[in-house]
Amino acid sequence: MNFKESLTGSFIFWLLGAYGESKFKKNCENFAGLVKSRLIYRALRKYVHSGAYVLDSGIVGMFNSILAAFGKLCDKAEGLLEDSFICRLLKKVTGCKEIFLYILIAYPFSDLIIRKTAGILAGPWDELYFFELILLLVLDFIYNHKGRKYVVSPLNLPVIIFLAVMFGCYFVVSPDRTIGFEGMRAVCEYIFWFFLVLKLCDSDKIGKRLCICLFIVIGIMAIHGIYQYIVAVPMPSSWVDHNEAGVRTRVYSILTSPNVLGSLFTLTIPIGVGLFLEESNKVKKAFYGCLLLCMLTSLAFTFSRGAWMGFMAAVIVFVLFYDARLLLPVLALAALAVFLVPEVGNRISYMLSADYIESSMNGGRLIRWIDGLAVWSYGKLTGVGLGHFGGAVAINHGMQYLVGEDYVETFYMDNYYLKTMIETGIVGLAAFIFLMYQVFISSIRAVKISSENKYLKIGIMSGLFGIIIHNLVENIFEVPLMSTEFWVFAAVLMSFWYRKANESKDKAA
């Protein structure tokens, strides 16, 4: 039976047919035509398609000149060491750079294995690996610098601006410099993966293979999650509200939190859908489809409402860029899934109940947000200092603040935007929102610049947007794994953009 003949397919195509013959569609088309004829629409379209200007900036030209000069030195050094054993070894190492990126993509397993085997190096392994990849990047340039240009994207400057604001907040507001430095490191450190991967991911084939690697890694975790649900793996009682019934377990695979696992699915499932749509080989397509079903099932079994919210945001973005006509059928299917899976429906309906509000005001998200806003009043413009409230650094140092007549010990804010505002004030929050906006608009530019790998790029963009939304109800960027994967795939998407923009510029010249 093909998809059109299935129950789901019949339902979707019936909805599409009903929509296609409706007056609502005609009114929408008339409104769209009216909007497209307006100057504001044309200006917005031009803005969305902009970005290539960064290739012509003076700073990029300066870096290209520096790279050219460095390349001449490399030619001389390579001539002297051409037949040496070290030279041949280093060439082989640079030829394996893709493998080094796979280790980074497989962060959940890499971190688990290294922490169990590396002893004293288990803690800082990712920092050490970062410097190893910097060395790899330098070696790769030495032996493969012919025709190389400085790799840049529309997202570079917004990232630098955000980092500069965070550095400024650290120097201006840090009641305790040690805590402040730890807090700044937690916020900024993993963003630097963006610059490194942007330069190491130097072909579309590598970018696609990195996406496949992530999809398979998270697919394995999804299968493990399904197994955990079947055997009803034990979970802490705090993972489910004491008033809530019907959730016998929440899956988390090899991680420590079902919310983080759900966030990984939010990032990866849209990428998997992109791979599925791009693939023509039937066997690979079936394999991708099976893994997608496993991920969707395991995402449901995390019972993470925040992850579900982020995932639905990702789905909406994907559908709008793939085929907007599918939006209503997809939303109808989502509503049907909630209705047909009682545990999912109960968890969502409980969130809308008076019992949930009462529970949340008694140690849950709502009272945390209210207490957080009270702490924010100590420094509305620049905050109370990085690492001083709302995250892991503050918890490790036992930070507390006077709220009303009682001292409130710090806790996870379950809202990364609010945490950022408390620690860095309106200035820091504005910088963070600007950065997230730039991630999204730059992703749209990467999608719009060409039709090559279109669905895969839409998938990455949608996954990134889902994480941006998930941060509204979780401290997702507090988790090194999630922050790393987010910025790695932002870099992969921007690498797609750079090669196409550079190609278009060369053709125009």
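By convention here, the first residue in the shown sequence is residue 1.
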Review point. T266 and H470: side-chain donor and acceptor closer than 3.5 Å?
Key: no
Review point. How would you list, by chain and number, every residue that makes a salt bridge (charged side-chain N to carboxylate O under 4.0 Å, His left out) with E478, sequence neighbours excluded?
Key: K419
Point to revise | From L267 atom CG to F489 atom CZ, the distance as rounded to the nearest 0.5 Å | key: 6.5 Å
**Study point:** cation_pi(K380, W376) dist<6.0 Å, angle<=45
**Key:** yes
Practice item. Show your working on side-chain hydrogen bond (donor to acceptor under 3.5 Å, both in side chains) between S359 and N362 and close with a plain yes or no. Key: CA-CA 5 Å; S359 177; N362 186 27; over 6 Å; no
Point to revise | Non-hydrogen side-chain atoms of L261 and F301 separated by less than 4.5 Å | key: no
Review point. How would you list, by chain and number, every residue that makes a salt bridge (charged side-chain N to carboxylate O under 4.0 Å, His left out) with E189, sequence neighbours excluded?
Key: R185
Practice item. Take S253 and H224 through the side-chain hydrogen bond (donor to acceptor under 3.5 Å, both in side chains) test and state the conclusion after the steps. Key: CA-CA 6 Å; S253 187; H224 184 221; 3.1 Å; yes
Exercise for review: Examine R365 relative to Y412 and say whether NZ or CZ is less than 6.0 Å from the centre of the six-membered ring and inside a 45° cone about the ring axis.
Suggested key: no
Review point. S443 and M494: which non-hydrogen atoms are nearest, and at how many Å?
Key: N-CE, 4.0 Å
Review point. Hey, what do you get for CD (Q438) to CZ (R445), rounding to the nearest 0.5 Å?
Key: 6.5 Å
Review point. Taking side chain as C-beta onward, heavy atoms only, is F389 less than 4.5 Å from F411?
Key: yes
Check your understanding: Is the shortest heavy-atom distance from the side chain of Y252 to the side chain of S257 under 4.5 Å?
Key -> no
Point to revise | Mutual orientation of the aromatic rings belonging to F440 and F465 [parallel < 30°, tilted 30-60°, perpendicular > 60°] | key: tilted
Review point. Are any of the side-chain heavy atoms of L210 and C201 separated by less than 4.5 Å?
Key: yes
Check your understanding: When W193 is tested against each of Y107, F130, F486 for ring pair (Phe, Tyr, Trp, His ring centres under 6.0 Å), which residue passes?
Key -> F130
